[in-house]
Amino acid sequence: MIKIYNTLTQQKETFTPIEPGKVRMYVCGMTVYDYCHLGHARVLVAFDVVTRYMRNRGYDVTYVRNITDIDDKILRRAEENAEPFTELTDRMITAMHEDETKLGVLSPSAEPRATDYIAEIIAMINTLIESDHAYAAGNGDVYFSVESFEGYGKLSKKKLEDLLAGARIDVHEAKRSPADFALWKAAGDVEVSWPSPWGNGRPGWHIECSAMSTRCLGDTFDIHGGGPDLLFPHHENEIAQSECATGHTFVNTWMHAGAIRVNKEKMSKSLGNFFTIREILDTYPAEVVRFFLVSSHYRSQVDYSEDNLAEAGRSLERLYHALRGVVPENSGDVPETEHDRRFFELMDDDFNCAGAISVLHALANDINQHRREGRDNEAKKATTVLVRLGEILGLLQQDPDGFFQANTAGELSAEDIEAKIQARADARKAKDFAGADRIRDELIEQGVILDDSREGTSWRRG
RNA sequence: GGCGCGGUGGCAGAGUGGUCAUGCAGCGGACUGCAACUCCGCGUACGCCGGUUCGAUUCCGACCCGCGCCUCCA
């Protein structure tokens, strides 16, 4: 039985899918005008773990994550670059897929793009106008009438009168109420646009998610997720549009990831304090970045720092070290263990990855102990369990030697290193310890660390 | 100002009404030719003040501090 914290009800609830055995989930994806940063990675990884875990628990998960490929920022950036906006968005989508792959994020079941759903968007807007939840303003814009939806504010716990009183909502003449938001934006002369009953224009941001999610998953679906800054207004507006258009509950469970922070401030585009995934991957292995993200609860805030990433790396190394030199069995050959049960118990409780990782470490400790005391068969079994639980978190699927040796640093080839290790072994055999240590020191200078064990000497790049 | 989240050992980070997170760093021991890795052991953490309770870090209330949203942002 899985429990999930639901932003809508502000408590953990036992998850019950609409259709037994099936999960329909929608996550707000990227607006593709720039490279993804670590905040995006957080959401990507968090819902990747949710998907992997639920599938492992036997659910048939349909995971839809959209791409916003038309919006003001995209058009502005394309103009700055003097390129067609589709070239910009294609490039950024390719880059996003590369980043995802490196981070071990599985592809979603579907990845709808706003520009492919213009007809659905227009149809939904029409429905809203017909039912008086929306109105065409004189200037070609179409707005949603917030006051026409009784439940407005139920997700973000905001009161409409507070919003209306707030000075930060700009008064726009075409709007009937300052809290109303655009469903359709009229296009200027040269801008990218699509024809519509209200003239040429393009969709507003919120409506595209309503149109795509209901089209792909139905009027009501199980889980809707996204980053913390989408809660308001984006998700609140999605609820308003969708529930007014369909007459049904939009989403049962709302999930929101925690923010990534830098120096106690939220990492964000507007503050300019963001680190892109690709620049972080220049310095840290992708799995270390993933491990760092998975090491804390998906809802909590996480501080990005070099120290924290480096520490995550050392922690992950411990796990891989335990796997080194033991070939796991087929997972099916090892029955469920106490560790499996503990792992599932923790993950069932709102995807407690940080807790689940402690099980991984317990397993590593078992493996090391078994090997040290010569219980090879037990070590093999524990290794099998460690790898299969790791997979649920998207971790520990590399060949351990590859993990330790694939580091980009260092000039020496694997052959050079092996030769030096052999030379050192010969020196040790001849009791020439000074010579042996000289070789070891030379390797350390090249960033290569030697690990001696009863089975022989292995190496890694540090 | 409104709404929401959080303050755990040197650091990171789970969790619980009454033995245990876990990792990193540190210390002592084992292993080693010496190291590294590994193993064993160690350090009386739960913001502050009241309350409930036989007992609270965990429940309740007040306070202090931090963060997020209220405008585009994952």
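Quick note on labels: first sequence line is chain A, next is B, and so on, each numbered from 1. The basis for the numbers below is simple: all heavy atoms, side chains too, and nothing from hydrogens, waters or symmetry mates.
- No engagement by A:Ile357 is indicated, since no non-hydrogen atom pair under 4.0 Å with the nucleic acid exists.
- For A:Asn263 and B:C67, the CG to C1' distance is 14 Å, given to the nearest whole Å.
- Here A:Ser315 lies in heavy-atom contact (under 4.0 Å) with sugar-phosphate atoms only.
- The salt bridge (Lys or Arg N to Asp or Glu O under 4.0 Å) search around A:Glu287 returns none, not counting sequence neighbours.
- Ring geometry for A:Tyr320 versus A:Phe403: interplanar angle under 30°, hence parallel rather than tilted (30 to 60°).
- At whole-Å resolution of the value, NE2 in A:His361 and P in B:A21 are 16 Å apart.
- Distance check on atom P: B:C60 versus B:G66 gives 24 Å, rounded to whole Å.
- Less than 4.0 Å separates RNA chain B from no heavy atom of any residue of residues 206-213 of chain A.
- Checked for salt-bridge contact, A:Asp71 and A:Arg77 miss the test: no charged N lies under 4.0 Å from a carboxylate O.
- Salt bridge absent: A:Lys102 and A:Asp99 never bring a charged side-chain N and a carboxylate O closer than 4.0 Å.
- Using a 4.0 Å cut-off, some side-chain N or O of A:Arg318 falls inside it from OP1 or OP2 of B:C39.
- Distance check on atom C1': B:C64 versus B:C37 gives 46 Å, rounded to whole Å.
- Remark: C1' of B:C72 and CZ of A:Phe232 are 13 Å apart, rounded to the nearest angstrom.
- Within residues 88-101 of chain A, no residue has a heavy atom under 4.0 Å from RNA chain B.
- Nucleotides of RNA chain B nearest to A:Phe433 and A:Leu231 differ in position, and the one nearer the 5' end is that of A:Phe433.
- Nearest-nucleotide positions on RNA chain B for A:Arg261 and A:Ala364 put A:Ala364 closer to the 5' end.
- Rounded to whole angstrom, the span from the CD1 atom of A:Ile449 across to the P atom of B:A36 amounts to 12 Å.
- Taking atom C1' in both B:C69 and B:C11, the straight-line distance is 29 Å, to the nearest Å.
- Among residues at least two apart or in separate chains, salt bridge (charged side-chain N to carboxylate O under 4.0 Å, His left out) pairs with a member in residues 393-403 of chain A are A:Arg324-A:Asp401.
- For the pair A:Arg314 CZ and B:G26 P, the interatomic distance rounds to 9 Å; values are reported in whole Å.
- Salt bridge status for A:Asp340 with A:Arg388: present, with a side-chain N to carboxylate O gap under 4.0 Å.
- Screening residues 224-238 of chain A for salt bridge (charged side-chain N to carboxylate O under 4.0 Å, His left out), with sequence neighbours left out, gives A:Asp229-A:Lys266.
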ask   = Under a cut-off of 3.5 Å for both distances of each Watson-Crick or G-U pair, what dot-bracket string does RNA chain B give, using [ ] for crossing pairs and | for inter-strand pairs?
value = (((((((..(((.....[...))).(((((.......)))))....(.(((..]....))).))))))))....
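- The base of B:A36 does not come close enough to the side chain of A:Arg440 for any donor and acceptor atom to sit less than 3.5 Å apart.
- Within 6.0 Å of NZ on A:Lys269 lie more than 12 heavy atoms contributed by other residues, nucleotides or ligands.
- The A:Asp437 side chain lies nearest to B:G33 when the options are B:C39, B:A36, B:G33.
- For the pair A:Arg372 CZ and B:G41 P, the computed distance is 12 Å after rounding to whole Å.
- The interatomic distance linking A:Leu163 (CG) with B:C69 (C1') rounds to 11 Å, in whole Å.
- What separates CE of A:Met30 from P of B:A74 is a distance of 8 Å, to the nearest Å.
- With P as the reference atom, B:U58 and B:U19 are 15 Å apart, rounded to whole Å.
- With sequence neighbours left out, A:Asp349 forms a side chain to side chain donor-acceptor pair (under 3.5 Å) with A:Lys12.
- A distance of about 37 Å separates the P atoms of B:C72 and B:U16, rounded to the whole Å.
- A salt bridge is defined here as a Lys NZ or Arg NE, NH1 or NH2 lying under 4.0 Å from an Asp or Glu carboxylate O, and A:Glu208 with A:Arg113 fails to meet this definition.
- Of the P atoms belonging to B:U22 and B:C40, the separation is 11 Å, rounded to the nearest Å.
- Using a 4.0 Å cut-off, some side-chain N or O of A:Asn365 falls inside it from OP1 or OP2 of B:C39.
- In this pair, A:His224 and A:His235 present their aromatic rings perpendicular. The plane angle is above 60°, beyond the 30 to 60° band.
- Across B:G10 and B:G51, the matching P atoms stand 28 Å from one another, rounded to whole Å.
- B:C5 and B:G61 have their P atoms separated by 13 Å, given to the nearest Å.
- With salt bridges taken as basic N to acidic carboxylate O contacts below 4.0 Å, one links A:Arg341 and A:Glu338.
- Within the structure, salt bridge (charged side-chain N to carboxylate O under 4.0 Å, His left out) pairs that include any residue of residues 351-372 of chain A comprise A:Arg371-A:Glu455 (at least two apart or interchain).
- With sequence neighbours left out, A:Arg91 forms a salt bridge (Lys or Arg N to Asp or Glu O under 4.0 Å) with A:Glu83.
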ask   = Could you run down nucleotides 2-17 of chain B 5' to 3' and tag each one B, S or - for protein heavy-atom contact under 4.0 Å?
value = BSS------BSSSS--
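- In this structure, A:Trp254 has no side chain to side chain donor-acceptor pair (under 3.5 Å) partners at least two apart in sequence or on a different chain.
- Contact annotation: A:His40 side-chain N/O to B:A74 OP1/OP2 distance is under 4.0 Å.
- The list of ring pair (Phe, Tyr, Trp, His ring centres under 6.0 Å) pairs with a residue in residues 279-317 of chain A, not counting sequence neighbours, reads A:Phe275-A:Tyr304.
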